[in-house]
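Beneath this line is the structure, given in structure tokens, with notes to follow.
We name chains A, B, ... by the order of the sequence lines, and we start the count at 1 in each one.
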Protein chains: 2
Amino acid sequence: MATVSRRKGAAIERLEQLCRKHSLPLTAQRRAVLEALQARLDHPTVDELWEDVRVLIPEVSRTTVYRILETFAQLRIIRKVCHPGAVARYESLTTRHHHLLCIRCGAMTDLQNAVYDKLTLPGADTGFEIEDYSIQFSGLCAECVASEGHSRK
Amino acid sequence: MATVSRRKGAAIERLEQLCRKHSLPLTAQRRAVLEALQARLDHPTVDELWEDVRVLIPEVSRTTVYRILETFAQLRIIRKVCHPGAVARYESLTTRHHHLLCIRCGAMTDLQNAVYDKLTLPGADTGFEIEDYSIQFSGLCAECVASEGHSRK
DNA sequence: ATTGCGTTTGCAATACCATGGCAACCGTGT
DNA sequence: ACACGGTTGCCATGGTATTGCAAACGCAAT
């Protein structure tokens, strides 16, 4: 199928490190889930990812994908995306970026702009140990603007 | 401007205006849902709000609460909170604020700090018509820091 | 390479969240 | 007061996420 000639990918190496660190066995399923997620540029749901993983491991269970994604999110290998919809979505950890979210249809797009990447994190007075941030810009996507254009604010 | 008589609550008045504007009947259920949401300072789930509304209208249906919240969110009277959990959460529209989110347990707290309130919105080149934004700071809450303190980063 | 242990996986069943259809009800304008 | 259209409540349905347990697997010691 795919050419295996390419090197391992930095994130897979990182996965090996993290699995060792947390004493987690590095199974074929875990590898496949991470690869499938990193091959995507959007914010797939669990079922979408399941479809991708089945290409690599046809007999993989949906439950397993659920569990692996949850585990990875806990270890901060991937990120569970904040989305107002009722289904869980994930994304691989890439560079810092932000999200454009349509209030009406739920469409979500990435936004990368250095202007927003230099904020200073809140201090310890919040009670939280903040590691990262992401800005959610909310509004209307192009399609919804077109279909809602008359109602003024 | 400071002399705003607190008789009815500004948001209820706003609700009446918006209902008229969109030709929506202003029912007792809609009033109760909005009041219940504004009485809370957190980010309640639909069921949590349903419990509150039942105090005011004992025979209200859970389905109705679902529908009203969805309608209000569409009209931008309230906001559907972005939360990685699988259940929908809402908050009443207040001033611009941001969220501290625990990656581990899902706890969510508001953060209000003028430092983060002066960002310029992305332009039309994004294809979106942005109205507002909110920053999601992600990390560990105090409890989870305590229970995860050994794993070095 | 083999063995043994603890973890993970897969399957099925279950719980839970959210939505849709339909008759009765209620708010609104006349 | 009346009639109309939208809303509500109930029930059923669809879909998502979680749980328990036997079998399979990864990992490390032998």
- Atom pair distance, as rounded to whole Å: CG in B:Leu69 and C1' in C:dC17: 14 Å
- Query: Where each residue is assigned the nucleotide of DNA chain C containing its nearest heavy atom, which of B:Val87 and B:Leu26 is assigned the position nearer the 5′ end?
  - Reply: B:Val87
- Does a donor on one side chain and an acceptor on the other come within less than 3.5 Å for B:Glu13 and B:Gln17? no
- Message: Side chains of A:Glu91 and A:His97 only: does a donor on one sit below 3.5 Å from an acceptor on the other?
- Response: yes
- Item | side-chain contact (heavy atoms from CB on, under 4.5 Å) partners of B:Leu121, counting only residues at least two apart | A:Phe137, B:Ile130, B:Tyr133
- Item | NZ/NE/NH1/NH2 to OD/OE distance under 4.0 Å, A:Glu16 and A:Arg31 | yes
- By side chain to side chain donor-acceptor pair (under 3.5 Å), which residues pair with A:Gln112, not counting sequence neighbours? A:Thr95
- How would you list all residue pairs meeting ring pair (Phe, Tyr, Trp, His ring centres under 6.0 Å) that involve residues 30-83 of chain A, not counting sequence neighbours? A:His43-A:His99
- Can you check whether A:Ile68 reaches A:Val53 side chain to side chain, under 4.5 Å on heavy atoms? no
- Message: Applying a 4.0 Å non-hydrogen cut-off, can you work out what A:Ala88 is touching in the nucleic acid: base, sugar-phosphate, or nothing?
- Response: sugar-phosphate
- With sequence neighbours excluded, residues passing side-chain contact (heavy atoms from CB on, under 4.5 Å) with A:Ala107: A:Cys102, A:Cys105
- Task: Just report the end-to-end axis angle for the helix from C:dA1-D:dT30 to C:dC16-D:dG15, five pairs per end, to 10 degrees.
- Result: 30°
- Task: List in chain and number order the residues that pass side chain to side chain donor-acceptor pair (under 3.5 Å) with B:Glu143, two or more places apart in sequence or in another chain; answer none if no residue qualifies.
- Result: none
- Query: Rounded to the Å, how far apart are B:Glu48 CD and C:dC17 C1'?
  - Reply: 14 Å
- Taking only residues two or more places apart in sequence, or in another chain, which ones meet A:Asp132 in a side chain to side chain donor-acceptor pair (under 3.5 Å)? A:Arg79, A:Arg96
- Specify the residue among B:Ala28 and B:Ala86 whose closest nucleotide of DNA chain C lies further upstream toward the 5′ end. B:Ala86
- Item | Check ion pair A:Arg54-A:Glu51 (N to O, under 4.0 angstrom) | yes
- Task: Return each pair, listed once, that meets salt bridge (Lys or Arg N to Asp or Glu O under 4.0 Å) where at least one residue sits in residues 101-119 of chain B; pairs must be two or more places apart or across chains.
- Result: B:Arg104-B:Glu148
- Message: Quick check on the helix from C:dA18-D:dT13 to C:dT30-D:dA1: what's the angle between its two end axes, five base pairs per end, to the nearest 10°?
- Response: 30°
- Task: Give me the first and last nucleotide of DNA chain D, going 5' to 3', that has any atom under 4.0 Å from a heavy atom of chain A.
- Result: D:dT16 to D:dC27
- B/S/- contact track for nucleotides 2-14 of chain C, protein heavy atom under 4.0 Å: -----SSBBBB--
- The side chain to side chain donor-acceptor pair (under 3.5 Å) partners of B:Arg20 (sequence neighbours excluded) come to none
